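Remarks on the structure that follows.
Reckoned from all heavy atoms, side chains included, excluding hydrogens, waters and symmetry mates. None of the values given here were measured: they were computed from a predicted structure.
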Amino acid sequence: MIENKEPVSRSEPQSFIEQFIAEDIKDGKNGGKIVTRFPPEPNGYLHIGHAKAICLDFGMAKKFGGKCNLRFDDTNPIKEDVEYVDSIKEDIHWLGFDWEEREYYASDYFGKLYDFAVGLIKKNLAYIDDQPADIISSQKGKPEQPGQKSPFRNRSVDENLDLFLRMNNGEFEEGSRVLRAKVDMNSPNMHMRDPIIYRIIKTPHHRTGNKWMVYPMYDFAHGQSDYFEGVTHSLCTLEFEVHRPLYDWFIDQLKTDDYRPRQIEFNRLNLTYTMMSKRKLLELVLEGKVKGWDDPRMPTLCGLRRRGYTPESVKRFVDLIGYTKVEAINDVSLLEHAIREDLNLKAPRVFGVLNPLKVIIKNYPEGEVENVELINNPEDESMGKRLVPFSREVYIEQDDFMETPPNKFFRLAPGMEVRLKGAYIIKCEGFKKDGITGAIEEVYCTYDADTRSGGNTSEKKVKGTLHWVSAQHAVDAEVRLYDRLFIHEDPSGQKDDDYRKFLNPDSLKILTGCKVEPSLGTAKPLEKFQFQRLGYFCVDSDSMETKLVFNRTVSLKDSWAKMNK
RNA sequence: UGUCCCGUGGUGUAAUUGGCAACACGUCUGAUUCUGGAUCAGAAGAGUUCAGGUUCGAGACCUGACGGGACAACCA
């Protein structure tokens, strides 16, 4: 075994988690084994925030030669469904991670958990409380004041055993009784004040049906599940920090040898302009504000996928933001950078004109067509070249022409010259304007036959180069522009819970009458392209009629400013 | 009037465990007949929340402030 496959010096930053794990191995804990787990609750679709956890859980296991389990934390049948189980598995695979045969469910451990609870009762460390939720809650006191003991705290072991059995037999109503661990009502940590560990739920479970009438709470299931699976490092987000003493308390009651799992917390992903609460995302789906969990405006992994993000770009992004204990807000521009970086290498460039403006080259022979050669990807020669037809009438982007241009405008304007990329230099000789609306309808130009790309025999040089599409050859396209993910806060950092307020009706804009290169007529579905200058898109369906732009040309900050005018 | 966690350029992270604060994103400037929001080159921007202390030397260790966050679900 040789350590250091690469001469990576100290330049590679190590997260504190990595250091903790390395220390544990060095100290010989758990026999040097490393097992992690990704533990989603199947109550919604995975979003970009989960990607951060997935990359960590699977990444650490891989880095230290260990394994990572997939475990569904399905202890609350009221909120869970198989639909979510399936989507979660699909999304993890999409990201490129594999749990192999280790697909586990907390519900697989219901039996063991029940036995463990019975064991605690017998040790006089758990009791049945007959009080309603609000009383139990108020007896817990406040964080700064100690709690009061429940009048049922000293029930006999036999009575507790009997009641727990009958709870599971369905003899009592939901909410009428709970099982609580007997820990410490005076603890400054609220989670240690006799936490509820079992409650009655009569809704059928998506995997165990009606087998159980009592279900363990998160705190009574998570650590134990880790223990049952031999997990060594249980990585979770910061809000579980206060749960750790309880996690350890249950492990202490359970463990029989030197092995013990360790919980380590890291910071959750927050993205600027992006609303990530599962609950609110679910509301958007249920209220029909979006087309579904995979609506490209959603920050879900399936939404990002439809939007055109690649798994590599998501992983790259996660890699860039790192893991700390600081509650950070990451800038979406970094996510956008990650996808651009990835696609610049992979996506062929093509011409597309979203807002067409017809240009007529008056001295170009009518009816003549010539094919010009264009490079598919300037960063990757192996992607080859393509031939694009050029003719007398072409479309350019409306933005590429201005009647009265400002100082540094190097595109087309009356009297100005530009190159049509891959073709000729043209000069604007005039234009036609609608008398009423003032809209530019056509632009008239002349071209110089000596200036063809690759064979420019003239001395001409121009500042601007425009992309274009031959009018008679253009493929009509419908292009969807997704401006942003959901916004939940403004750039001043002030949070606003009323996320609906930030739902921009224009966030999905469908442009029809767009003109794209004929070569796109032969593209395969889901192939990704970059419009020269405009952004990236992919062919959305077999119909070939819908093109999907996911990385448009206006920054989020600009959108925000526009929206609030 | 509690317990725990956290304060490093605008943002996110580093700093070989006490030795000249580094990188990425973003921003700005310049170049370019590969549109240029790409690429390349360059620049600006923090003295590490504050005050003490230990030390030859502190972003790191200690004490105390200040600021932010988590915790009072029969959710996870």
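- When Watson-Crick and G-U wobble pairs are counted only if both distances are under 3.5 Å, B:rC23 pairs with B:rG12.
- With a cut-off of 3.5 Å on both Watson-Crick or G-U wobble distances, the partner of B:rC74 is given as none.
- With B:rG26, B:rG12, B:rA72 as the candidates, the nucleotide lying closest to the side chain of A:Pro143 is B:rA72.
- Phosphate proximity of B:rU39 to A:Arg349: absent, as no side-chain N or O sits under 4.0 Å from OP1 or OP2.
- As judged by a 4.0 angstrom heavy-atom cut-off over every strand, A:Ala133 is placed among the base-contacting residues.
- Closest approach to the A:Lys140 side chain among B:rC74, B:rC25, B:rA14 is made by B:rC74 (side chain taken as heavy atoms from C-beta onward).
- Between A:Ser138 and A:Glu23, the residue whose closest nucleotide on RNA chain B is further toward the 5' end is A:Glu23.
- At the heavy-atom level, A:Lys278 lies nowhere under 4.0 Å from the strands shown.
- A salt bridge does not link A:Asp108 with A:Arg71: none of the charged nitrogens is closer than 4.0 Å to a carboxylate oxygen.
- Rounded to an integer number of Å, the gap from NE2 of A:His243 to P of B:rA72 is 7 Å.
- Distance OH (A:Tyr218) to P (B:rC74): 16 Å, rounded to an integer number of Å.
- One C1' atom belongs to B:rU33, the other to B:rG47, and the distance between them is 47 Å to the nearest Å.
- The phosphate of B:rA73 has OP1 or OP2 within less than 4.0 Å of a side-chain N or O from A:Ser137.
- In this structure, the nucleotide among B:rC34, B:rG26, B:rG12 sitting nearest to the side chain of A:His337 is B:rG26.
- The side chain of A:Ser187 places no N or O atom within less than 4.0 Å of a non-bridging phosphate oxygen (OP1 or OP2) of B:rU3.
- Looking at the side chain of A:Arg199, the nearest of the listed nucleotides B:rU13, B:rA76, B:rA72 is B:rA76.
- Nucleotides B:rG59 and B:rA15, compared at atom C1', are 9 Å apart to the nearest Å.
- Across all strands, A:Glu174 comes closer than 4.0 Å to no nucleic acid atom at all (heavy-atom distances).
- When the P atom is used for both B:rU63 and B:rC6, the distance is 14 Å, rounded to whole Å.
- Relative to the side chain of A:His191, the nucleotides B:rA72, B:rG26, B:rC5 differ in distance, and B:rA72 lies closest.
- With a 3.5 Å ceiling on both atom-pair distances, the Watson-Crick or G-U wobble partner of B:rC4 is B:rG69.
- More than 90° away from 0 lies the glycosidic angle of B:rG26, which makes this nucleotide anti.
- Between B:rA72, B:rU33, B:rC74, one nucleotide has an atom nearer to the side chain of A:Arg419 than all others, and that is B:rU33.
- Across all strands shown, B:rG57 remains unpaired; no Watson-Crick or G-U wobble contact has both distances below 3.5 Å.
- A:Ile321 comes within 4.0 angstrom of sugar-phosphate atoms only, judged by non-hydrogen atoms across all strands, and of no base.
- In this structure, B:rA51 forms a base pair with B:rU63, meeting either the Watson-Crick or the G-U wobble geometry with both donor-acceptor distances under 3.5 Å.
- Taking the nucleotide of RNA chain B with the nearest heavy atom to each of A:Val326 and A:Met190, the more 5' of the two is matched to A:Val326.
- Across all strands shown, B:rA41 pairs with B:rU29; the Watson-Crick or G-U wobble distances both stay below 3.5 Å.
- Ring centroid separation for the pair A:Phe220 and A:Phe116 comes in under the 6.0 Å cut-off.
- Between the CG atom of A:Leu335 and the C1' atom of B:rG26 there is a distance of 14 Å, rounded to whole Å.
- Considering only side-chain N and O atoms, A:Asn270 lies nowhere under 4.0 angstrom from the phosphate OP1 or OP2 of B:rG12.
- At a cut-off of 3.5 Å, with distance as the only test, no side-chain donor of A:Tyr323 or A:Glu18 sits close to an acceptor on the other residue.
- For the pair A:Arg193 CZ and B:rU3 P, the computed distance is 12 Å after rounding to whole Å.
- Aromatic ring centres of A:Phe16 and A:Phe266 lie farther apart than the 6.0 Å criterion allows.
- When the C1' atom of B:rA73 is taken as reference, atom OH of A:Tyr198 falls 18 Å away, rounded to whole Å.
- Under a 4.0 Å N-O distance rule, the pair A:Arg268/A:Glu239 qualifies as a salt bridge.
- Here B:rC75 is the nucleotide among B:rC74, B:rG69, B:rC75 with the atom lying nearest to any side-chain atom of A:Lys79.
- Rounded to a whole Å, the CG atom of A:Asp331 is 12 Å from the P atom of B:rC25.
- At the heavy-atom level, A:Asn189 lies nowhere under 4.0 Å from the strands shown.
- Listed candidates were B:rC5, B:rU13, B:rU3. Nearest to the side chain of A:Asn267 is B:rU13.
- B:rU11 atom P lies 17 Å from atom CG of A:Leu269, rounded to whole Å.
- Taking the C1' atoms as reference points, B:rG37 lies 36 Å from B:rG69, given to the whole Å.
- Side-chain polar atoms of A:Asn267 and A:Thr324 form a donor-acceptor pair below 3.5 angstrom.
- Taking atom P in both B:rA60 and B:rA21, one finds a spacing of 14 Å when rounded to whole Å.
- Nucleotide B:rU54 is shown with an anti base, its glycosidic torsion being more than 90° from 0.
- With both ends at atom P, the span from B:rA14 to B:rC75 equals 36 Å, rounded to whole Å.
- Taking the P atom of each, B:rC50 and B:rC66 are spaced 15 Å apart, rounded to whole Å.
- As judged by a 4.0 angstrom heavy-atom cut-off over every strand, A:Ser453 is placed among residues making no nucleic acid contact.
- In this structure, A:Asp342 does not pair ionically with A:Arg316, as no charged nitrogen and carboxylate oxygen lie closer than 4.0 Å.
- Of the P atoms belonging to B:rA44 and B:rC61, the separation is 32 Å, rounded to the nearest Å.
- Classification of A:Arg411 and A:Glu397 as a salt-bridged pair fails, no side-chain N sitting under 4.0 Å from a carboxylate O.
- One can place CD of A:Glu144 at 14 Å from C1' of B:rA70, the figure rounded to the nearest angstrom.
- Contacts of A:Gln139 with the nucleic acid, taken as non-hydrogen atoms under 4.0 Å apart, are absent.
- Between A:Phe110 and A:His205, the gap from one ring centroid to the other is short of 6.0 Å.
- Among the atoms of the strands shown, none is found under 4.0 Å from any heavy atom of A:Asn43.
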